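A short write-up of the structure that comes next.
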Amino acid sequence: MLIVDHQRGTRAALRAAVAARRDLAVSGDAPTGEASAEVARETRPALAIVNVTVSAESVAAAVMPLLRAHPALRVLVVSLPDERELAAAALAAGATRCIVRRPGRPDVAAIVRAAVEVAASGPARGNGAVPAPERGAPRGPALSGREQQVLELLARGHTRREIAERLTIGVKSIETYRSRLAQKLGVRTRAELVRYALDCGMLGAPATPPSPRP
C-alpha cells in the first residue's frame, strides 16, 4: 500500500494502523501525487490511499501521475464532506473509490477499513492506463482563448475571484464566461467540467499564464 497525504502526521498514523494488520503492508508514502509516482513505479503496490483536501487541481495532480506510473493501481481517495464534486472529479481521473471523512483529525481506522474493502474488490476501475494527454485546444464547440483560460482555471479548482485577479478582469465577467462554458459544453457541475478538461489534456501541465486582455 502507498500512502499519499501532505501531512506527515497523517501518513505516520496510517502507517501505524496498517502495521497492526496482517492483511496489509505499506510500501511507501509521499506528500504529493508527483512524488508518489516514483514510489509507485518502483514498488508496484496494489493500492494507494490519497487524501485530497484542496482543489480539483489537487485531484488530478494526485491521481493521474500515480496511474501513469502504475496503471493497475487501485486508488482510494479520501475527501471532506464539502468536496463531493472533487470526489467525483477523482473518479473521473481514474480513482477506484472515494470516501468522505469528517473535518478535523482523519478517522484512520475508517480509512483503513475502506482500504481493505478496495484491496479485496478485484481489478482496478476500468479506466486502465491513463496516458499523458497532448495539450491543446478543447475538442467540441469552439472556445475563445479567454474561455479556454477560464475553463482550465475553474477545472484546477480556482475560485471565481482568484480567476478574476489572475486574468485581471471582473468577477462578473468570470461568471459570464462560466455561463457560456456551461451552455457550449453542456457541463453543469465542477466534476463534469474537470472531466472535460481532463479529456482535453488541459490538466496535464501547469495552468497557462494569463494573456493580455482582449
Side-chain angles (χ1 to χ4, degrees), residues 1-121 124-125 127 130 155-159 161-162 190-191 194 198 203-204 206-207:
M1 175 191 296
L2 175 60
I3 299 169
V4 185
D5 192 300
H6 69 285
Q7 294 186 348
R8 182 179 299 178
T10 302
R11 297 200 306 271
L14 284 168
R15 269 186 171 275
V18 171
R21 303 185 61 101
R22 295 182 178 180
D23 53 348
L24 294 175
V26 176
S27 60
D29 64 69
T32 66
E34 287 293 347
S36 66
E38 186 62 29
V39 180
R41 190 176 292 110
E42 293 178 356
T43 63
R44 314 297 288 179
L47 171 69
I49 297 175
V50 178
N51 190 14
V52 176
T53 60
V54 184
S55 66
E57 180 180 15
S58 72
V59 172
V63 174
M64 295 179 69
L66 278 170
L67 292 177
R68 289 185 188 130
H70 186 11
L73 182 68
R74 299 181 186 91
V75 180
L76 171 65
V77 170
V78 183
S79 177
L80 290 173
D82 59 351
E83 294 174 332
R84 292 182 185 275
E85 286 193 354
L86 301 190
L91 292 173
T96 310
R97 179 181 171 187
C98 295
I99 61 172
V100 174
R101 69 174 179 84
R102 295 179 180 178
R105 189 177 183 85
D107 185 344
V108 172
I111 294 174
V112 172
R113 286 196 299 271
V116 172
E117 293 174 1
V118 171
S121 64
R125 193 170 179 267
N127 281 16
V130 179
R156 289 180 179 276
H158 294 281
T159 66
R161 184 170 299 279
E162 289 172 342
R190 184 178 292 273
V194 171
L198 285 170
L203 303 186

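Note that the coordinates shown come from a computational prediction; the quantities given were computed from them, not determined experimentally.
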| task | Of all the heavy-atom pairs spanning Pro65 and Ala37, show the shortest one and how long it is. | result | O-CB, 3.6 Å
| task | Kindly compute the distance separating CG (Leu76) from CG (Leu2), expressed to the nearest 0.5 Å. | result | 12.0 Å
| said: Return the OG to CZ distance between Ser27 and Arg44, rounded to the nearest 0.5 Å. | reply: 11.0 Å
| request: Rounded to the nearest 0.5 Å, what's the gap from CZ on Arg68 to CZ on Arg41? Could you check? | output: 10.5 Å
| request: List the atom of Val77, the atom of Ala95, and the distance in Å for their closest heavy-atom pair. | output: CG2-CB, 3.7 Å
| query | For the atom pair CD1 (Ile3) and CD1 (Ile111), what is the distance rounded to the nearest 0.5 Å? | reply | 9.5 Å
| request: Applying salt bridge (Lys or Arg N to Asp or Glu O under 4.0 Å), name anything that partners Arg15, two or more places apart in sequence or on another chain. | output: Asp29
| message | Applying side chain to side chain contact (heavy atoms under 4.5 Å, CB included) to Leu14 and Met1, what does each step give before you reach the verdict? | response | CA-CA 10 Å; Leu14 284 168; Met1 175 191 296; over 6 Å; no
| note | When Thr96, Leu66, Val63 are each screened for side-chain contact (heavy atoms from CB on, under 4.5 Å) with Leu73, the one that passes is Leu66
| request: Please name all residues satisfying side-chain contact (heavy atoms from CB on, under 4.5 Å) with Ala25, sequence neighbours left out, ordered by chain then number. | output: none
| request: For residues Leu67 and Gly94, report the shortest heavy-atom separation together with the two atoms involved. | output: CD1-O, 3.5 Å
| query | How long is the gap from CD1 on Ile49 to CG on Asp5, to the nearest 0.5 Å? | reply | 9.5 Å
| task | Find out whether Pro31 and Arg8 are in side-chain contact, i.e. whether some heavy atom of one side chain is under 4.5 Å from a heavy atom of the other. | result | no
